[in-house]
Amino acid sequence: MNELLQKTRAFRLLKTEYEENRLSHAYLLLLEDTRNLRFALKTFAKVLFSSDGQNERIARLIDAESFSDCLFFPQAGKKLTVEDAEKIKEECTLKPLEGDKKVFVLGDFAEANVQTQNKLLKLLEEPPQGVYFLLGATSVYPLLSTVLSRTKRLDIQPFNVEETDACLERIYGEKYEKNSLLLCAAAANGNVGKAQSMLEGGYYKTLLSSAFSLCLADSSSLPLVVKQIGESKHAKELLSSLRLIFRDALLIKTGQKEKNLLLSTEKETLKKVASRYTLPALFYAQEALSNAEREVAFNAVFPQCIELCLAKIQSKNK
């Protein structure tokens, strides 16, 4: 994961600003990966102390969240509270112990309530000399506009399938089959943490089975299949799996080489999908699923959303 993060534009930007001695006093690191956000914050925090490989002691201490001049709030697995904000304000008055810089790492700021965010506004705008803030967030929408205006954004874009797949290989080695790694990398939609959870939980197999059932259902059986799947906890991943199936079915329909298939182990079932849908329907499926993903992101009722989406794809099939 560290190697992946260091190749991002956000990481290069922060490193350049450090090297050119023009650091902003507050940064907002946006990464839609709850599982790896804290790890990412540590990777970026090391840059502020020039310890990304140059000072192994500081790097190890930051990883352990025990470096005296780099303070982490809240505790891992907790949400930032008003009490945390008060502690941060107190700590800001104390001088750094080892250098001329003190960094406060706050994640996930998107989970902090309005009162907590407001409590830190003054510090984010005018911190004491030598004090810097590195805020993490998995989404920008819950953040106050006043917080956004006081921080410099470091956006980490979703990783592509190849990058995610390579990262999974580095993390897990030969623990999982290559095809399983690739499937989870593709279905996670650029989110390494989701890919890891899919692998470790094994539920990617169930997701794929459900997605194929939806694709192969006709107009009369679709409502029943949707009802059986219900309000999925993994709605985004299921939609991603549908997107992969329709993508590979399109490749088969147009005579592409098997090596281009992301779901190559499911080729026979993909052929059934390809034979069931016309080219216009397979092309349209990507657009329809993108719309469904946006609706689900804004809290649309998943069963209704997925049934309507597939009904539209089927209508194109006629």
Side-chain angles (χ1 to χ4, degrees), residues 4 31-36 138-139 156-169 171 176-217 222 225-226 228-252 260-267 269-270 273-274 277 281-313:
L4 200 59
L31 174 64
E32 192 181 340
D33 183 346
T34 303
R35 176 166 175 163
N36 290 305
T138 52
S139 172
I156 298 181
Q157 302 300 323
F159 302 107
N160 61 39
V161 175
E162 292 75 17
E163 290 172 327
T164 307
D165 182 45
C167 183
L168 293 178
E169 285 195 31
I171 294 171
Y176 297 96
E177 294 180 356
K178 173 62 179 174
N179 287 330
S180 297
L181 296 177
L182 184 57
L183 170 59
C184 291
N189 204 23
N191 188 317
V192 175
K194 283 184 179 179
Q196 290 177 266
S197 297
M198 290 172 71
L199 265 178
E200 294 169 3
Y203 62 85
Y204 63 92
K205 298 175 183 177
T206 303
L207 281 174
L208 194 60
S209 176
S210 297
F212 272 120
S213 296
L214 288 167
C215 291
L216 294 171
L222 179 60
V225 176
V226 171
Q228 290 172 339
I229 293 172
E231 188 66 60
S232 175
K233 293 189 301 182
H234 309 293
K236 291 182 179 179
E237 292 90 333
L238 182 54
L239 287 168
S240 295
S241 297
L242 284 167
R243 184 193 289 278
L244 291 177
I245 291 171
F246 280 113
R247 170 203 179 272
D248 280 4
L250 177 61
L251 294 181
I252 289 175
N260 294 327
L261 300 179
L262 291 174
L263 304 177
S264 57
T265 57
E266 307 293 331
K267 188 176 180 182
T269 315
L270 286 169
V273 177
Y277 291 89
L282 291 172
F283 276 115
Y284 174 71
Q286 300 301 316
E287 177 186 342
L289 287 166
S290 293
N291 291 334
E293 286 172 346
R294 283 193 290 270
E295 290 170 8
V296 168
F298 286 98
N299 298 319
V301 178
F302 178 69
Q304 294 177 4
C305 182
I306 195 65
E307 184 174 348
L308 179 59
C309 174
L310 288 165
K312 288 180 178 178
I313 296 171

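Residue indices begin at 1 and follow the sequence shown.
To the nearest 0.5 Å, atoms CG (L310) and CG (L242) are separated by 6.0 Å. The CZ atom of F246 sits 11.0 Å away from atom CG of L270, with the distance rounded to the nearest 0.5 Å. Atom SG in C184 sits 11.0 Å away from atom CG in N179 (nearest 0.5 Å). To the nearest 0.5 Å, the span separating CG on L239 from CG on N189 amounts to 9.5 Å. Interatomic distance, L214 CG to E307 CD, rounded to the nearest 0.5 Å: 10.0 Å. Taken to the nearest 0.5 Å, the CG atom of L208 stands 5.0 Å off from the CD1 atom of I245.
Other residues, nucleotides and ligands contribute more than 12 heavy atoms inside 6.0 Å of the NZ atom of K178. The number of heavy atoms from other shown groups lying within 6.0 Å of CD (Q228) is above 12. In the displayed structure, E32 atom CD is contacted under 6.0 Å by at most 12 heavy atoms of other residues, nucleotides or ligands.
Scanning both residues, A235 and F302, for their nearest heavy atoms gives CB-CD1, 3.5 Å. A274 and A249 make their closest contact through CB-O, 3.5 Å (heavy atoms, listed as atom of the first residue, atom of the second, distance). In terms of heavy atoms, L181 sits closest to E169 at CD1-CG, 3.6 Å. The two atoms that bring M198 and Y204 nearest to each other are O-CD2, 3.1 Å, heavy atoms only. G190 approaches T164 most closely through the heavy-atom pair CA-OG1, 4.2 Å. Of all heavy-atom pairs spanning C215 and Y277, the tightest one is O-OH, 2.6 Å.
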Practice prompt. Show your reasoning for whether side-chain contact (heavy atoms from CB on, under 4.5 Å) applies to N36 and Q196.
Written response: CA-CA 10 Å; N36 290 305; Q196 290 177 266; 2.9 Å; yes
Practice prompt. Quick one: do L168 and Y176 satisfy side-chain contact (heavy atoms from CB on, under 4.5 Å)? Show the steps, please.
Written response: CA-CA 9 Å; L168 293 178; Y176 297 96; over 6 Å; no
Worksheet item: So R243 and E237, salt bridge (charged side-chain N to carboxylate O under 4.0 Å, His left out) or not? Walk me through it.
Response: CA-CA 10 Å; R243 184 193 289 278; E237 292 90 333; over 6 Å; no
Worksheet item: Run the side-chain contact (heavy atoms from CB on, under 4.5 Å) check on L262 and L183 step by step: do they pass?
Response: CA-CA 7 Å; L262 291 174; L183 170 59; over 6 Å; no
Practice prompt. Check the pair D33 / T138 against side-chain contact (heavy atoms from CB on, under 4.5 Å), numbers first and verdict last.
Written response: CA-CA 6 Å; D33 183 346; T138 52; over 6 Å; no
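Using a 4.5 Å cut-off on side-chain heavy atoms (C-beta onward), C309 and N291 make no contact. Here the side chains of I229 and P303 are not in contact, with every heavy-atom distance at 4.5 Å or above. A heavy-atom distance below 4.5 Å is found between the side chains of T269 and L216. Side-chain contact between R247 and L251: present, with at least one pair of heavy atoms (C-beta onward) separated by less than 4.5 Å.
Between the side chain of S240 and the backbone N or O of K236 there is at least one donor-acceptor pair closer than 3.5 Å. With hydrogens and angles ignored, the 3.5 Å screen pairs a side-chain donor or acceptor of D248 with a backbone N or O of L263. Here the side chain of E163 pairs a donor or acceptor atom with the backbone of N160 at under 3.5 angstrom.
A salt bridge does not link E287 to K312: none of the charged nitrogens lies less than 4.0 Å from a carboxylate oxygen.
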